[in-house]
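I have placed the structure first, in the form of C-alpha cells, so that the comments after it can refer back to it.
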There are 2 protein chains.
Amino acid sequence: MHTYSQKLNSNDIARHAGVSQATVSRVLSGNSNVREETRQRVLEVIEKLNYRPNAFAQAMKTRLSGTVGVVVSRITNPIVPEVLLHLGDELTARGKRMVVWNTDTEGEDGVLNAIRQRVIDGLIFTAAGHQSAALEAAQQTGMPIACINRHIDGASFNQFACSNLEGARTMADYLIAAGRKRIAIINGPLDRSTLADREAGLRQGLHHAGIELPDNYYASSDFAHNNFRELAIEMMSQPCPPDAIACGNDVIAFAVMCGLKAAGAKVPDDIWVTGFDGIEMSGWDVFDITTMKQPLDAMASATVEALISTIENSEAEPQLVRFGTELIIRGTTANTSFPQQPPTKE
Amino acid sequence: MHTYSQKLNSNDIARHAGVSQATVSRVLSGNSNVREETRQRVLEVIEKLNYRPNAFAQAMKTRLSGTVGVVVSRITNPIVPEVLLHLGDELTARGKRMVVWNTDTEGEDGVLNAIRQRVIDGLIFTAAGHQSAALEAAQQTGMPIACINRHIDGASFNQFACSNLEGARTMADYLIAAGRKRIAIINGPLDRSTLADREAGLRQGLHHAGIELPDNYYASSDFAHNNFRELAIEMMSQPCPPDAIACGNDVIAFAVMCGLKAAGAKVPDDIWVTGFDGIEMSGWDVFDITTMKQPLDAMASATVEALISTIENSEAEPQLVRFGTELIIRGTTANTSFPQQPPTKE
DNA sequence: ATAGTTTATGAATACGTATTCATGCTAATG
DNA sequence: CATTAGCATGAATACGTATTCATAAACTAT
C-alpha cells in the first residue's frame with residue numbers, strides 16, 4: 001500500500017511555538033480569541049516547518065470535506081465541458097475541489113455512494129432528464145443541492161438557468177422580422193426543461209405572428225448526431241421545405257447543418273439555421289451559427305455561490321434565477337439587424 | 001454550517017450484533033479471521049440499520065482517500081472530455097472518485113494544495129507542455145502518478161500514449177501512396193510530446209519517400225482556433241499551394257478546414273486534409289476528416305489500472321506503454337484503399 | 001495426553017483535529 | 001477599591017475507524 005506518513009501535526013507546531021494544540025487550531029481556523037503576538041509566533045512555526053493540517057482529521061471533526069460533486073449526463077456534449085470549466089474555476093477559487101460523475105456511461109452508483117458516505121458537501125446537477133436517483137437521494141439525505149442549466153418546478157433547491165423561453169421567443173421574433181415565412185423546429189427530448197422551454201418560446205413567437213406550425217415542420221428526436229441529421233434531410237425533401245430551421249440547441253444545429261449539406265441545401269441562401277447556447281464551437285466558421293448565448297460564466301458563478309452559501313448556512317430559501325440571453329447573429333442567417341437586448345440577470 | 005450528524009457508527013453495529021467494534025471493522029475490511037456465523041450476523045445488522053462507515057475516519061486511519069485527481073490543461077479541447085469520460089468510467093468502476101482540475105484557467109493552486117494536503121491517492125496528467133509545478137510537487141512528495149496521452153523521456157512514473165510517431169508515419173505513407181506530391185504540415189506547439197512525435201513521424205515518411213518539406217509548406221502555432229485558420233489561408237495563397245495538409249491533431253484540422261473554406265479551396269478536390277486523434281466530432285460530416293484514431297478507452301483503462309496498482313503496491317517499476325493507432329479514411333482524402341493495421345497494444 | 005499452533009475475538013490505543021470547559025488574567029465599571 | 005465582564009489560553013475530550021496486543025478456544029502434531 002503506497003501511503004505516506006505525516007511528518008507534522010498540530011501538536012508538533014504547538015510544542016515548537018510553546019503553546020497548546022488548541023491554540024494552533026485556533027490560529028488555523030481564524031479564531032479571533034488569540035493574542036496577535038501568539039498568532040504570529042504560531043504562524044511563523046507553521047511557515048518554517050511547512051506544516052499543513054490533515055484534511056481528513058478536519059473533515060472528521062467538521063463533517064465538511066471541502067469537495068463538491070458535479071453530476072453531468074454526458075461529458076462529451078460540448079456544452080458540458082464549458083459548464084465544468086466555469087464551475088471548476090469558481091470552486092477552485094473558493095478552495096473547493098470538484099469531483100465529476102458522468103452518469104450516462106457510469107450510471108449513478110458513484111454519486112449515490114458519495115451521497116450516502118457523505119464525502120461531498122454539496123452537489124451540482126446539470127441539464128438532463130427529470131428522473132435521477134442521485135437527485136432524490138441527495139434530497140432525502142438533506143445534502144445541499146444546486147442545479148445549473150435545468151429547472152424543475154417547485155424544487156426545494158436553488159436553480160440557475162437562462163431565460164430559455166424568452167430567448168427562444170426573441171429568436172422567433174428575429175426570424176419573423178427578417179422575413180422568414182416557413183419556419184420549422186427541430187428539437188431534442190422534451191423531458192429536458194431547457195428544450196421544452198425553448199420550444200414553447202419558439203411556438204409563442206410563431207403564434208403571436210399568426211404563423212402556423214404544421215406537423216411536417218416540426219421534428220424531435222433523441223440525442224444522437226445522426227438522428228438530427230436525418231430529420232434535416234427529411235425536412236428538406238418535402239415538396240415545400242421550410243425557409244428556416246430553429247434548433248433546440250447548437251449541437252442539434254450542427255447535426256442539422258450536416259443534414260442540409262447532405263441534402264444539397266445552401267445555408268443561408270436556401271435555408272436559415274439557428275441554434276441555442278452559444279457554445280464555443282458555434283462560432284467556428286464551418287458552423288458559424290446564429291445562436292442565443294447563455295451567460296455560462298455568470299450562471300456557474302451564481303450556482304457555486306449559492307451552493308456554498310447553502311452549505312454554510314442552510315437557512316437561505318431556495319430560488320430559481322433566470323439569466324438573460326444574447327442573440328448572436330452569424331452566417332447561418334442573412335439578416336444582421338435586430339435590436340439586441342443586453343444580457344441581464346433578472 | 002449545513003452539516004449532518006452521523007446516526008450510526010461501528011460501535012452501534014457492534015452493540016446490536018453482540019460483538020466488539022474491532023470485529024465490525026474486520027468484517028468490513030474483509031479480514032478473513034472472522035467466523036462465518038459472526039460475519040453473517042454483523043452483515044445483517046449493517047444491512048438492517050443501513051450503516052455506512054465514515055469515509056473520513058477511514059481515510060485518517062488508512063491514509064487513503066479513495067479519490068484520484070486528474071489534471072487537464074484545457075477541458076474545452078474536445079479530446080479532453082473523451083479522455084475524462086473513459087477515466088471516470090474506469091475510476092468509478094473501481095470505486096474511486098475523480099476530481100478534476102483545469103489548469104489553463106484555474107492555475108495549479110488547486111492541485112498543489114491537494115498534493116500537499118494529500119487528499120488524493122494519486123494523480124493522472126493528460127497532454128500538455130512539459131513544465132508543471134504540480135507534476136514536480138507530486139513527484140517530490142512521492143505521490144503515485146500516471147500520464148495519459150503524453151510522454152516524457154526517463155520519467156519515473158507510468159505513461160500511456162499511442163504510437164504517435166508510427167501513426168503519423170503511416171499517415172504520411174498513406175498520403176504518398178495515394179499520389180500526393182506537395183504535402184504540407186500544420187502543427188501546434190512542439191513542447192507537447194504528442195505533436196512533436198507526430199511531426200517527426202510525418203517528416204520521416206516524407207524523407208523516406210524522398211520528398212522535400214520546404215519551409216513554406218510547414219507552419220506551426222499556438223492553440224487558438226483562428227491561428228490555424230489563418231495559417232491555412234496563408235498556405236493556400238502561395239503561388240504553388242500544397243495538395244495535402246497533414247495536421248497535428250483533429251482540432252487543428254477543424255480550424256484548417258475553416259481556413260480552406262474561407263480561402264475557397266475545395267476539399268478533397270483541391271486539397272486533402274488529415275487530422276490525428278479520431279475524436280468523435282471528426283466523424284461529423286461537416287468535418288468528415290481522415291484521421292488516426294487513438295484507442296482512448298484502452299489507454300484510459302490501462303492508465304487507471306497502473307495508477308491504482310502503484311497506489312496499492314509501490315514496488316512496480318514505471319513503464320511507457322504505447323498503443324497502436326487506426327487509420328480512419330474519410331471524406332477529406334479521396335483515396336480509400338490503404339492497408340490498415342489493426343490497433344494493437346505493444 | 002501434552003505441547004504447540006492456529007483461529008476468533010475483545011480491550012485498548014492511535015490517527016490529528018475542533019471544541020468545550022475551566023482558569024487565570026486584564027480591563028472596565030460602579 | 002471591589003466587582004464584573006471579557007480575553008487568552010490549556011487540559012481534556014470526542015469524532016469513527018483500523019490495528020496491535022492479549023487471550024481464550026479450538027485444533028494439530030507428537
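Labels below follow one simple rule: chain letters A, B, ... track the order of the sequence lines, proteins then strands, and each chain is numbered from 1.
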Polar side chain donor-acceptor pair, [X] to [Y], under 3.5 angstrom:
X: A/His151; Y: A/Asn149; answer: no
X: A/Ser65; Y: A/Asp121; answer: yes
X: B/Gln40; Y: B/Glu44; answer: no

Residues from residues 15-30 of chain B lying under 4.0 Å of DNA chain D - heavy atoms | B/Gln21, B/Ala22, B/Ser25, B/Arg26
Please find the earliest and latest nucleotides of DNA chain D, in the 5' to 3' direction, that have an atom within less than 4.0 Å of any heavy atom of chain A.
-> D/dA8 to D/dG16
Check: A/Thr141 main-chain N/O paired with A/Arg118 side-chain donor or acceptor under 3.5 Å | yes
Closest non-hydrogen atom pair, [X] against [Y]:
X: B/Trp101; Y: B/Gly110; result: NE1-C, 3.6 Å
X: A/Asn54; Y: A/Tyr4; result: ND2-OH, 4.0 Å
X: B/Ala55; Y: A/Val119; result: CB-CG1, 3.3 Å
X: B/Arg94; Y: B/Ile308; result: CD-CD1, 3.3 Å

For A/Asn33, answer base if it contacts any base atom (sugar-phosphate contacts may also be present), sugar-phosphate if it contacts only those atoms, and nothing otherwise; contact means non-hydrogen atoms under 4.0 Å.
-> base
Applying the side chain to side chain contact (heavy atoms under 4.5 Å, CB included) test to A/Arg39, which of A/Arg41, A/Glu36, A/Glu37 qualifies?
-> A/Glu36
Given B/Asn158, B/Leu135, B/Thr310, the one that forms side chain to side chain contact (heavy atoms under 4.5 Å, CB included) with B/Ile145 | B/Leu135
Closest-nucleotide 5' rank along DNA chain C - winner of A/Leu8 and B/Val34 | B/Val34
Just report the end-to-end axis angle for the helix from C/dA1-D/dT30 to C/dG30-D/dC1, five pairs per end, to 10 degrees.
-> 30°
